[in-house]
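Numbers here are sequence positions counted from 1. As the structure is a computational prediction, the values presented were derived from the model and not from experiment.
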Amino acid sequence: MAERRGRRSRRGSRWRSVRARATAGAALVIAVVMIVGAVAFFEILRGTVLGAATRAGEARAEALATQVEAQDTDAIDGIEDEPVQLLSPSGAVLAASDDAPDAPLPHADEPQVFTVDGDPVLVVAEELDGGKTLLVGVPVDDDLETLATVAGLLAVAVPLVVLLVAGLTWVVVGRALRPVARITAEVDDITADRLDRRVPVPASGDEIAALAETMNAMLGRLDAAASAQRRFVSDASHELRSPLATIRQHAELAQAHPEVTSLHELAEVAHDEGLRLQGLVDALLLLARLDEGAPNPDEPVDLDDLVFAEASRLRAAGIAVDESGVGAARVHGNARLLAQLVRNLADNAARHAHGRVALGLAQHDGRAVLVVDDDGDGIPEADRERVFDRFVRLDDARDRDAGGSGLGLAIVQAVTRAADGVVTIDDSPLGGARFTVRLPAAS
């Protein structure tokens with residue numbers, strides 16, 4: 001039933017398609033042009049043909065007028081095969097040729113075509129001396145027959161040309177849009193679990209080919225995003241499951257063998273793993289909010305205060321911190337997120353340092369530049385982009401206690417981007433890694 005409705009819908013929409021509209025538009029335009037052209041051509045031809053007959057009739061009337069003035073009515077009595085009449089000032093017929101009717105010929109000031117004894121005749125009037133009028137009839141039946149033939153040919157040719165153009169447009173547009181039909185059919189078959197498929201790119205090199213390439217690029221981005229999302233969900237599930245499993249294992253151990261553990265040890269494990277679980281959830285929620293582009297408070301923040309606070313925290317933890325390179329710098333942004341950025345960089349440096357961390361901050365060229373150095377083993381150049389991915393730990397830092405959750409640097413990059421900044425990794429003069437964050441400075 002659904003397939004039949006789909007087929008009926010496609011048949012109904014066929015007449016609203018681009019192909020049908022293009023064909024109708026081309027047919028309408030060519031029909032208007034052909035009709036206007038045919039009418040103009042016919043009128044010009046009619047004027048030319050009747051104009052030639054008029055000039056011939058006027059020349060004949062002038063010649064007969066000269067003969068009548070010289071011979072009087074005798075010049076008309078011997079005329080055959082053409083209607084000629086000489087009228088008195090009162091309109092009475094004074095003389096007529098053999099083919100002229102008994103009644104006066106219909107006439108006007110300008111030559112016009114009248115029907116005389118069932119035949120079309122162009123009547124030309126010539127004024128003579130004494131108020132007399134000479135009427136000369138020029139047969140135009142052949143001319144009108146020619147015009148009728150031309151009109152008939154135009155009446156047949158115009159619809160044929162319109163149909164030919166419509167058919168040609170239908171075929172050409174159909175062939176041009178054929179790749180679109182293939183693209184549509186392919187896209188209809190692409191589902192969330194088949195984003196690796198691509199639409200065919202025609203070899204025409206036109207706008208449709210560009211559309212197919214753009215759609216393939218979009219599908220590639222969607223495939224990459226879906227793959228990243230699946231990896232993120234899998235990694236998040238694993239990370240969230242680990243502290244829960246630890247708590248459950250210690251609880252089962254205390255339940256099965258209460259003599260090997262104590263309530264204090266169980267509470268300590270539950271507390272530590274609960275904190276880790278809370279940290280993971282908070283980090284995931286923060287990344288989700290940053291991904292959504294949620295608006296954040298835009299307030300002036302003294303970045304040097306945040307850096308000095310982290311330096312004091314690290315020093316209290318027994319880590320040697322060099323803060324001599326910290327100068328004044330102010331940025332606009334969310335103070336809480338910027339504090340999270342500085343803390344994550346400081347924790348990352350402390351985690352990988354052999355014993356020394358250096359913090360630097362300066363403001364120049366309209367940017368606040370934060371530099372965090374450590375004297376650890378550094379980060380290979382091939383991994384310097386990958387470490388910002390979520391749940392990524394390098395091979396020498398896979399232990400949960402040593403390598404963290406794998407979300408700290410991802411948060412750093414997300415916060416930096418949200419503040420219209422950029423973060424890079426280089427080799428540190430101390431021998432380890434140098435993280436540099438550049439943020440727009442507050443004016």
**Asked** Does a donor on one side chain sit under 3.5 Å from an acceptor on the other, for D377 and H354?
**Response** yes
* To do: List the steps, then state whether side chain to side chain contact (heavy atoms under 4.5 Å, CB included) holds for V49 with T146.
  => CA-CA 9 Å; V49 171; T146 300; 5.8 Å; no
Exercise for review: Taking atom CZ of R175 as the centre, report whether more than 12 heavy atoms of other residues, nucleotides or ligands fall under 6.0 Å from it.
Suggested key: no
Inset, instruction - Say whether, by atom type as modelled, one donor and one acceptor occur between the side chain of N344 and the main chain of G408 under 3.5 angstrom. - result: yes
Between V173 and A22, the two heavy atoms sitting closest are CG2-CB, 4.0 Å
The reported gap from CZ in R221 to CG in N216 (rounded to nearest 0.5 angstrom) is 10.5 Å
For this session: Using a 4.5 Å cut-off on heavy atoms from C-beta on, say whether the side chain of V372 contacts that of N348.
Result: no
>> Is any side-chain heavy atom of V437 closer than 4.5 Å to one of V422?
In response: no
In terms of heavy-atom contacts, P120 and L144 come closest through CB-CD1, 3.4 Å
Considering only NZ, NE, NH1 and NH2 on the basic side and carboxylate oxygens on the acidic side, decide whether R313 and E310 come within less than 4.0 Å. yes
Practice task
Verify side chain to side chain contact (heavy atoms under 4.5 Å, CB included) between L345 and L409, making sure each step is shown before the conclusion.
Solution key: CA-CA 7 Å; L345 288 177; L409 294 181; 4.3 Å; yes
Fill in: Non-hydrogen side-chain atoms of P159 and M34 separated by less than 4.5 Å
no
Closest heavy-atom pair, G355 versus D375, reported as atoms and distance to 0.1 Å, is N-OD1, 3.3 Å
Heavy atoms of L135 and A125 approach each other most closely as CD2-CB, 3.6 Å
### Query
Around atom CZ of R417, are there more than 12 heavy atoms of other residues, nucleotides or ligands at under 6.0 Å?
no
message: Does this structure show an ion pair linking D427 with R384, if we count only N-O contacts that are shorter than 4.0 Å?
response: yes
Checklist entry - Would you call L430 and R356 a side-chain contact if the rule is heavy atoms closer than 4.5 Å? => result yes
Q: Show your reasoning for whether side chain to side chain contact (heavy atoms under 4.5 Å, CB included) applies to L439 and L338.
A: CA-CA 10 Å; L439 299 174; L338 291 173; 3.9 Å; yes
Is a side-chain N or O of N334 found less than 3.5 angstrom from the main chain of R336, in a donor-acceptor match? yes
Taking the side chain as C-beta and beyond, is there a heavy-atom pair between R198 and L219 under 4.5 Å?
-> yes
Exercise for the section: Ignoring hydrogens and angles, tell me if any N or O in the side chain of Q363 forms a donor-acceptor pair with the backbone of R330 under 3.5 Å. Expected result: yes
All heavy atoms of A368 vs all of A329, minimum pair found to be CB-CB, 4.0 Å
Is any side-chain heavy atom of L50 less than 4.5 Å from a side-chain heavy atom of L122?
no
Evaluate whether atom CD of E252 has more than 12 neighbouring non-hydrogen atoms of other residues, nucleotides or ligands under 6.0 angstrom away. yes
- prompt: Is there a side-chain contact between L303 and V342 (heavy atoms, below 4.5 Å)?
  reply: yes
d(F435 CZ, I379 CD1) to nearest 0.5 Å is 3.5 Å
Is the closest side-chain heavy-atom distance between R60 and V138 below 4.5 Å? no
Worksheet item: Do R434 side-chain atoms and D373 backbone N/O form a donor-acceptor pair below 3.5 Å?
Response: no
If you draw a 6.0 Å radius around CD in E145, do more than 12 non-hydrogen atoms from other residues or ligands fall strictly inside? no
Separation between CG (D420) and CZ (R367), nearest 0.5 Å, reads 8.5 Å
When rounded to the nearest 0.5 Å, the distance separating OG1 of T424 from CG of D426 is 5.0 Å
Rounded to the nearest 0.5 Å, the CG atom of L341 sits from the OG1 atom of T416 at a distance of 4.5 Å
So OG1 of T169 and CD1 of I30: to nearest 0.5 Å the spacing works out to 9.0 Å
message = What verdict does the side chain to side chain contact (heavy atoms under 4.5 Å, CB included) test give for D143 and L147, after you've listed the backbone C-alpha separation in whole Å, the side-chain angles of each residue and the deciding distance to 0.1 Å?
response = CA-CA 6 Å; D143 296 333; L147 292 175; 5.5 Å; no
Of all heavy-atom pairs linking A61 and V124, the shortest is CB-CG1, 4.1 Å
Is there a donor-acceptor pair closer than 3.5 Å between any side-chain N or O of D322 and the backbone N or O of S324? yes
